[in-house]
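Notes to accompany the following structure.
The sequence lines fix the lettering, A, B, ..., with proteins before strands; numbering per chain opens at 1.
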Amino acid sequence: MGQQVINGLFLGSIYALFALGYTLVFGVLDILNLAHAAVFMVATFVAVALVGHGLDILLALPLAVLFAGLLGLVLERVAFRPLRARTDSNIAGLISSLAAATIIEAVALEIWGPNITRFPFGTMPEGPASQFQLLGGTVSRLQLTIIAVAVLLFLVLTWLVKGTRLGREVRAVAESPRSARVLGVNVDRAIAAAFFISSALGGAAGVLYGLAFNSISPDMGHGVELKGLAVIVLGGMGSMPGAVLAGFALGLTEVFVVANLGGSWRDVISFAGLFLFLVLRPRGLMGAAATREA
Amino acid sequence: MEQLTDIYLTYQSTIGYIGINALLALSIYVSLSCGQLALGSAGFAAIGAYASALATMKADLPFPVALLVAALLPALVAVPLGLPVLRLKGVFLAIATIGFGEVVRLGLVNWDYVNGAQGIVAIPQKASIWMIYLAVAVTLFLLWRVRGSKWGFALEAIREDEPAARTMGIPSTQYKLAMLVLGAALAGLAGGLEAHFTFMVAPNGFGFSRVVDMLVFAVVGGAQVFWGAVAGAAFLTVLPEALRELAPLVGIEPGPLRLLVNGLVLLLVILFLPAGLVSLPRRLRERRAARKAARAPAGGAGAAA
């Protein structure tokens, strides 16, 4: 039981990180950025490459996250900004983000090939010496590090969004781009910032996921992409606390479903939940009321 | 003539797939034609494929009956699905229908009677190319008849401004539901044809990436007119074949090259040709006319001087 809670929290922290970035862009632009999972994947490969060049993972992680953030800026400039004036920009944006995801995946496939890549042995301490007992279960240093990094990033993000001028601007744009512009907010800059933060979080989730499961391939983002969708719907689209809560809820649920019903039922739960939530409670756990149908 | 036969035999499967993909793209198009981004088609196609395969293999039904089942069963499923789901707008409808598709796929993975993830194999090959194209032709004929009819105008009105359309007394929910059901039937029919064209079906052939393909066909071809979906499906089905020849020349593996070109085509179309490839001739004509118009006064001034 304790072991499952630990595993669930561990998985949930990765889902939550991924979904936070996803939901941030949705909250600001009302666009589903389907390239988020591609950024997630590429950042992992970058981290592996950096570790392969002899960098410590504690240095490779922030560098890969920075790379992901910069890639987010490029995405915003190429695939989203040109569409912003269109009336159907949320469908057009969804499609251009798909195009961007396809291009990124093609590049990754060409550079790293379709096979599974792994972090070099010894990237993180392994073996019994790096494990200890907690709540009646075994925790590895790796798991603890991942949860710690995730929690640190949640705190940084909360501070960025609630405590800084930039965060206030991003929230103002999310509320209404036009009013924000009237009030002197540089809307383009705020949106770019949201993309940078979002993609950096996606990249961080990718590197942590890569470390956790050590099975890295150009299509590793596909599964997480749809799980992330389930998480942000469950949490309420655009709600960041909701995304975190739903991420942990999904992680814990999956672990318990696998333990009690078997592995093949794991994904059924997330998508059936996604579907039921959209039909029965479209605003999710913590979303704003009645905006899903407007 | 003999050469033509050779080409036909070599590219038989590609030719068949152009038709199947056209049907799948049309299944997305019919919802888009009233402004709804519904992405349940992979799920509907899976239901059609499995239902028809079971109908011919387990129930020994004749193939036309099996195809009828393939079209009707998803259409029946679409009614209870659509009633709650069509209240959702834009991206939310897309997400809910993606969720539906994944539930169908995972349901099949967990269903032992149809071999779970391995799927059904050794399905009798009963779908021939003329049947596929007959289905495409009938669909296109129907859509051509809808265009310019009362129905067509109602759909257009809903796409452009749903509240205004409702104010005009257009029952938008009924129209949207009808289009979802039609799309489901088309996807199911395509699934039934595909199952009996390739001898096998597996749940993972009907995942999220499949419905993305269908959407890309419709958008790249042009989602404003019904023949756009067909053009997009044809173009993007033939493209990988052409790229396979090209891959050694550019020094990129065929797999990544196909993805790269697909992504670039999609990006360029959505950025510069929002009405799809079928609008390219018109756009070029307009550009030429505009350039001529720009040159004319300048030329006149030059002659006067």
Side-chain angles (χ1 to χ4, degrees), chain A residues 26 30-32 34 78-79 82-83 86-88 90-111 113-114 218-219 222-223 225-226 229-230 232-233 237 262 264-280 282 291-294, chain B residues 32 35-37 39 81 83-85 87-107 109-110 116-117 159-161 207-209 212-213 215-216 218-220 223 251-253 255-272 274:
Chain A
F26 189 87
D30 275 351
I31 282 178
L32 205 55
L34 289 179
V78 174
L83 299 173
R86 287 208 201 144
T87 47
D88 65 337
N90 57 3
I91 292 182
L94 183 135
I95 292 167
S96 69
S97 72
L98 261 176
T102 315
I103 294 170
I104 294 174
E105 200 180 320
V107 172
L109 202 57
E110 177 62 22
I111 299 179
D219 60 1
H222 293 184
E225 173 140 66
L226 295 179
L229 217 52
I232 57 181
V233 166
M237 300 290 287
S264 61
W265 288 98
R266 188 188 63 194
D267 294 350
V268 179
I269 299 296
S270 36
F271 295 113
L274 162 81
F275 184 73
L276 288 178
F277 251 82
L278 268 178
V279 170
L280 301 175
T291 47
R292 308 309 132 221
E293 300 178 27
Chain B
L32 278 178
Q36 309 300 306
L37 182 60
L39 297 177
L81 172 74
L83 285 174
V85 159
R87 286 183 317 180
L88 301 167
K89 292 276 147 51
V91 171
F92 294 94
L93 175 64
I95 300 174
T97 44
I98 290 171
F100 161 77
E102 283 298 295
V103 170
V104 170
R105 182 179 70 83
L106 293 163
V109 167
N110 283 298
R159 184 181 71 200
E160 295 304 324
D161 190 341
F208 177 55
S209 59
V212 164
D213 284 346
L215 174 66
V216 170
V219 170
V220 165
I252 301 178
E253 294 283 314
L257 183 65
R258 188 183 65 82
L259 275 182
L260 186 66
V261 173
N262 270 354
L264 285 175
V265 167
L266 185 60
L267 188 64
L268 292 176
V269 165
I270 196 77
L271 290 182
F272 302 112

Please determine, among [options], the option with the most heavy-atom pairs under 4.5 Å with chain A.
options	result
Val85(B), Leu268(B), Thr97(B), Leu271(B)	Leu271(B)
Asn110(B), Leu264(B), Ile252(B), Leu267(B)	Asn110(B)
Pro274(B), Ser209(B), Gly263(B)	Gly263(B)
Gly35(B), Ala94(B), Pro256(B)	Pro256(B)
Asn262(B), Val216(B), Val103(B)	Val103(B)

[atom1]-[atom2] distance between [X] and [Y], expressed to the nearest 0.5 angstrom:
X	Y	atom1	atom2	value
Leu39(B)	Ile98(B)	CG	CD1	5.0 Å
Leu32(A)	Ile95(B)	CG	CD1	5.0 Å
Asp213(B)	Thr102(A)	CG	OG1	9.0 Å
Leu226(A)	Leu34(A)	CG	CG	8.5 Å
Arg258(B)	Leu109(A)	CZ	CG	9.5 Å

Is [X] in contact with chain A via its backbone, its side chain, both, or neither, using a 4.5 Å heavy-atom distance?
X	result
Val219(B)	side chain
Leu83(B)	neither
Leu93(B)	neither

Residue part contacting chain B, namely of Leu276(A), when any heavy atom lies under 4.5 Å
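For Leu276(A), no heavy atom lies under 4.5 Å from chain B.
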Selection from Ile95(A), Leu229(A), Val268(A) maximising heavy-atom pairs under 4.5 Å formed with chain B
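Sorted descending by pairs with chain B, the first entry is Ile95(A).
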Shorter than 4.5 Å, heavy atoms on both sides: which option in Pro114(A), Ser96(A), Ala99(A) has the most such pairs with chain B?
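Highest number of heavy-atom pairs under 4.5 Å: Ala99(A).
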Any chance CD of Glu253(B) has more than 12 other-residue heavy atoms, nucleotides or ligands included, within less than 6.0 Å?
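Atom CD in Glu253(B) is not crowded, with 12 or fewer foreign heavy atoms closer than 6.0 Å.
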Side chains of Ile31(A) and Ser97(A) in contact at under 4.5 Å (non-hydrogen atoms):
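Side chain of Ile31(A) against side chain of Ser97(A), heavy atoms only: no contact under 4.5 Å found.
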Do Leu215(B) and Leu37(B) touch side chain to side chain, with heavy atoms closer than 4.5 Å?
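In contact.
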